[in-house]
K.L.:
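Please see the structure below; I have some questions.
What you see is a predicted model, and the numbers here were worked out from it, not measured in a lab. Indexing begins at 1, ligand by ligand and atom by atom, following the structure's order.
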Amino acid sequence: MTVDDPVQQFEAGLAKLEATYPQALEACSDEQSLRAANARFVGPQGELTALLKWMPKLPGDRRKELGQRANAAKGGIERAFAAKLAGLAAAEREAELSGPSVDVSLPGRHARAGRLHPMTRVVHELIDVFTSLGFDVAEGPEVELYEYNFDKLGFPPDHPATDMQDSFFVETGLNAAGVLDPAKARTVLRTHTSNMQVREMLARKPPMAVIAPGQVYRRDDDVTHSPMFFQIEGFLVDENVSFANLRGVLARFAERMFGEGTPVRLRPSYFPFVEPGAEVDIGCMICRGWRGDAEARARQSQCRVCKTTGFVEVLGCGMIHPVVFQHAGIDPEKYTGFAFGMGIDRIAMLRYGVTDIRLLYENDVRFLEQL
Ligand code: FA5
């Protein structure tokens, strides 16, 4: 374009542009070439952009009219671009819909295999251990009569475990004045699986050897205590059963679950439904402080699971109290028996190296996949 005749040059440039853009845009067969063609006219280096830069050089009496023509051409390009873009998208969609419905060239979707929750796996292992020793498996209700959860096991009425602050009551058995009404049922979420001793002893005749796994509920909540947790009850009733038999069964259990050489420690303890009674601790598998070397002791001194003691309490046990036999109609002069109640969550924690019981119930797949 020369400066001699800017109007003529401008008009010629505009006419060329008006003649070429419709065809140039229409000929494009994909979005990329359409955008390139559009830029040829209205991009920073485009033909129309260059023309518009000449506007100030046009004589005043023609500037308005030529400016309007240039703007009309710009509008025309924009509309043609938008229409073509929409047309290309519609054609692409149409091709997709009318094409084959399955694209066999796409990579396959990987189906993630599920597996049993670590708690379920431990329950199954425990059932294996005890059934191989001759125990039957029984199941019972989680909403339990107060009588079966406490009274028939010899709990005195003022025992702290029977406190309304420690147990979850379903029906309190209290009347409107807050006084105990014998006509009203009292039910609790069972606080332990020992209710199954009562139920099974009422239903069977000795000899019997039974385990009863299941969920239990207490008002507890910290790194080793959950408000809902799992226990497995085990008991054996026959003539001449001794504490040594109990000790033998527990030794076998520790060996099967944690390997030979696992330390098992019995401490005298009190439960209303056994005499004598004991609590059983297993060497902490998280810190293994019981190994006694300097490294183990250092780990033990930091261990949250065993609270730096090197041992974790996993169960209560003892010789079944005669009063339980009497409540179940079994002759305590003829029969003796042992019973134990184990916290399965603790076993799972030791087994899988879990340092906070709550992780077992949060159902975070990233955590569960590690176990
Ligand atoms: C009992 O529940 C007795 N029924 C056990 C028993 C049965 C004794 C038969 C004698 C004869 P204890 O309250 O100690 O006892 O609980 C037993 C085990 O459950 C504990 O050793 C512990 O491993 C586990 N446990 C107790 N409370 C919780 C809790 N809140 N969360 C997880 N585990 C728990």
K.L.:
Under 4.0 Å from a heavy atom of D220: give me the atoms of ligand 1 that qualify, with their elements.
P.N.:
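What qualifies from ligand 1 is 27 (N), 29 (C), 30 (N).
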K.L.:
Determine whether any heavy atom of F273 lies closer than 4.0 Å to an atom of ligand 1.
P.N.:
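Under 4.0 Å: yes for F273.
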K.L.:
Geometry only, no angles: is H192 polar-contacting ligand 1 at N/O separations under 3.5 Å?
P.N.:
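Yes, there is a polar N/O contact under 3.5 Å.
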K.L.:
Rounded to the nearest 0.5 Å, what's the gap from CZ on F273 to CE on M319? Could you check?
P.N.:
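The CE atom of M319 is 14.5 Å from CZ of F273, to the nearest 0.5 Å.
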K.L.:
Before accepting this row, confirm whether a basic side-chain N of the pair R204/D136 lies closer than 4.0 Å to the acidic partner's carboxylate O.
P.N.:
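Counted as a salt bridge, because a side-chain N and a carboxylate O are separated by less than 4.0 Å.
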K.L.:
What I want to find out is whether R351 reaches E125 closely enough, with some N-O distance under 4.0 Å, to be called a salt bridge.
P.N.:
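Looking at E125 together with R351, the answer is yes, because their closest N to O distance falls below 4.0 Å.
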K.L.:
Is the shortest distance from a Lys or Arg side-chain nitrogen in E31 or K84 to a carboxylate oxygen in the other one below 4.0 Å?
P.N.:
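Here E31 does not pair with K84 in a salt bridge, since their nearest N and O are not under 4.0 Å apart.
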K.L.:
Enumerate the atoms of ligand 1 whose separation from the nearest heavy atom of L315 is less than 4.0 angstrom.
P.N.:
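Under 4.0 Å from L315, ligand 1 has these atoms: 21 (O).
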K.L.:
Would you tell me which option among E233, H321, M342 has the nearest heavy-atom contact to atom 9 (C) of ligand 1?
P.N.:
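Checking each option, the heavy atom nearest atom 9 (C) of ligand 1 is found in E233.
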K.L.:
Are any of the side-chain nitrogens in D166 or R218 under 4.0 Å away from the carboxylate oxygens of its partner?
P.N.:
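So D166 does not pair with R218 through a salt bridge.
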K.L.:
Run the salt-bridge test on E47 and R40 with the 4.0 Å N-O cut-off and return the result as yes or no.
P.N.:
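Counted as a salt bridge, because a side-chain N and a carboxylate O are separated by less than 4.0 Å.
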K.L.:
State whether D364 and R366 are salt-bridged, where the test is any N-O pair (Lys NZ or Arg NE/NH1/NH2 against Asp/Glu carboxylate O) under 4.0 Å.
P.N.:
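The answer is yes: the pair qualifies as a salt bridge.
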K.L.:
Just to confirm my output: which protein heavy-atom neighbour is closest to atom 24 (C) of ligand 1, and how far is it?
P.N.:
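Nearest neighbour among protein heavy atoms for atom 24 (C) of ligand 1, to 0.1 Å: G343 CA, 3.6 Å.
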K.L.:
Which of the numbered atoms in ligand 1 are under 4.0 angstrom from any heavy atom belonging to V314?
P.N.:
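Ligand 1 atoms under the 4.0 Å threshold to V314: 18 (C), 21 (O), 23 (O).
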K.L.:
Determine, considering heavy atoms only, which of R190, E279, R218 sits nearest to atom 1 (C) of ligand 1.
P.N.:
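Ranked by closest heavy atom to atom 1 (C) of ligand 1, first place is R218.
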K.L.:
Among protein heavy atoms, which lies nearest atom 22 (C) of ligand 1, and at what distance?
P.N.:
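Scanning the protein heavy atoms, the shortest distance from atom 22 (C) of ligand 1 goes to R346 NH1, 3.3 Å.
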K.L.:
May I ask you to check if ligand 1 and D345 share an N or O to N or O distance below 3.5 Å?
P.N.:
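Checking ligand 1 against D345, no N or O pair falls under 3.5 Å apart.
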K.L.:
Which bit of I357 gets closer than 4.0 Å to ligand 1, counting heavy atoms only: side chain, backbone, both or neither?
P.N.:
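Side chain only.
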K.L.:
Short list, please: which atoms of ligand 1 are under 4.0 Å from a heavy atom of Q197?
P.N.:
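Every atom of ligand 1 under 4.0 Å from some heavy atom of Q197: 9 (C).
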K.L.:
Minimum distance, heavy atoms only, to atom 8 (C) of ligand 1: which one of G318, G316, A339 is it?
P.N.:
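Heavy atom nearest to atom 8 (C) of ligand 1 belongs to G316.
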K.L.:
Counting heavy atoms only, which of S226, G277, G341 comes nearest to atom 7 (C) of ligand 1?
P.N.:
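Answer by nearest heavy atom: G341.
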K.L.:
To check your reading of the model: name the closest protein heavy atom to atom 33 (N) of ligand 1, its residue, and the distance in Å.
P.N.:
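Answer for atom 33 (N) of ligand 1: F229 CD1, 3.3 Å.
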K.L.:
Please check whether H225 reaches ligand 1 - meaning an N/O of the residue sits under 3.5 Å from an N/O of the ligand, judged on distance alone.
P.N.:
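No, there is no polar N/O contact under 3.5 Å.
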K.L.:
Regarding T191 and N149, do their side chains bring together a donor and an acceptor under 3.5 Å, going by distance alone?
P.N.:
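There is such a pair (donor and acceptor under 3.5 Å, judged by atom type) between the side chains of T191 and N149.
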K.L.:
How far is atom 14 (O) of ligand 1 from its nearest protein heavy atom, and which residue and atom is that?
P.N.:
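Ranking protein heavy atoms by distance from atom 14 (O) of ligand 1, first comes E313 OE2, 3.6 Å.
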K.L.:
Using a strict 4.0 Å threshold on nitrogen-to-oxygen distance, state whether E147 and R186 make a salt bridge.
P.N.:
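Salt bridge absent between E147 and R186.
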K.L.:
Applying a 4.0 Å heavy-atom criterion (strictly less than), which segment of C317 is in contact with ligand 1: side chain, backbone, both, or neither?
P.N.:
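For C317, only backbone atoms sit under 4.0 Å from ligand 1.
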K.L.:
Suppose we screen for salt bridge (charged side-chain N to carboxylate O under 4.0 Å, His left out). Which residues come up paired with R69, at least two apart in sequence or across chains?
P.N.:
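So R69 forms a salt bridge (charged side-chain N to carboxylate O under 4.0 Å, His left out) with E11, E18.
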K.L.:
Give the residue and atom name of whichever protein heavy atom lies nearest to atom 15 (O) of ligand 1, and the separation in Å to one decimal.
P.N.:
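The closest heavy atom on the protein side is F271 CE2, 3.3 Å.
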K.L.:
Flag the pair R299 and E295 as a salt bridge only when some basic side-chain nitrogen lies within less than 4.0 angstrom of an acidic carboxylate oxygen.
P.N.:
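A salt bridge is present here (some side-chain N lies under 4.0 Å from a carboxylate O).
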K.L.:
Counting from 1, what ligand 1 atoms have a heavy atom of V274 closer than 4.0 Å?
P.N.:
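Within the 4.0 Å cut-off of V274, ligand 1 contributes 10 (C), 11 (C).
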K.L.:
If the condition is ring pair (Phe, Tyr, Trp, His ring centres under 6.0 Å), which residues does Y217 pass it with, not counting sequence neighbours?
P.N.:
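For Y217, no residue satisfies ring pair (Phe, Tyr, Trp, His ring centres under 6.0 Å) once neighbours in sequence are set aside.
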K.L.:
Just need the protein heavy atom nearest to atom 17 (C) of ligand 1, so name the residue and atom and give the distance.
P.N.:
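Closest protein heavy atom to atom 17 (C) of ligand 1: Q231 NE2, 3.4 Å.
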K.L.:
Strictly by modelled atom types, are H225 and R219 linked by a side-chain donor-acceptor pair under 3.5 Å?
P.N.:
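Not at all, the side chains of H225 and R219 share no donor-acceptor pair under 3.5 Å.
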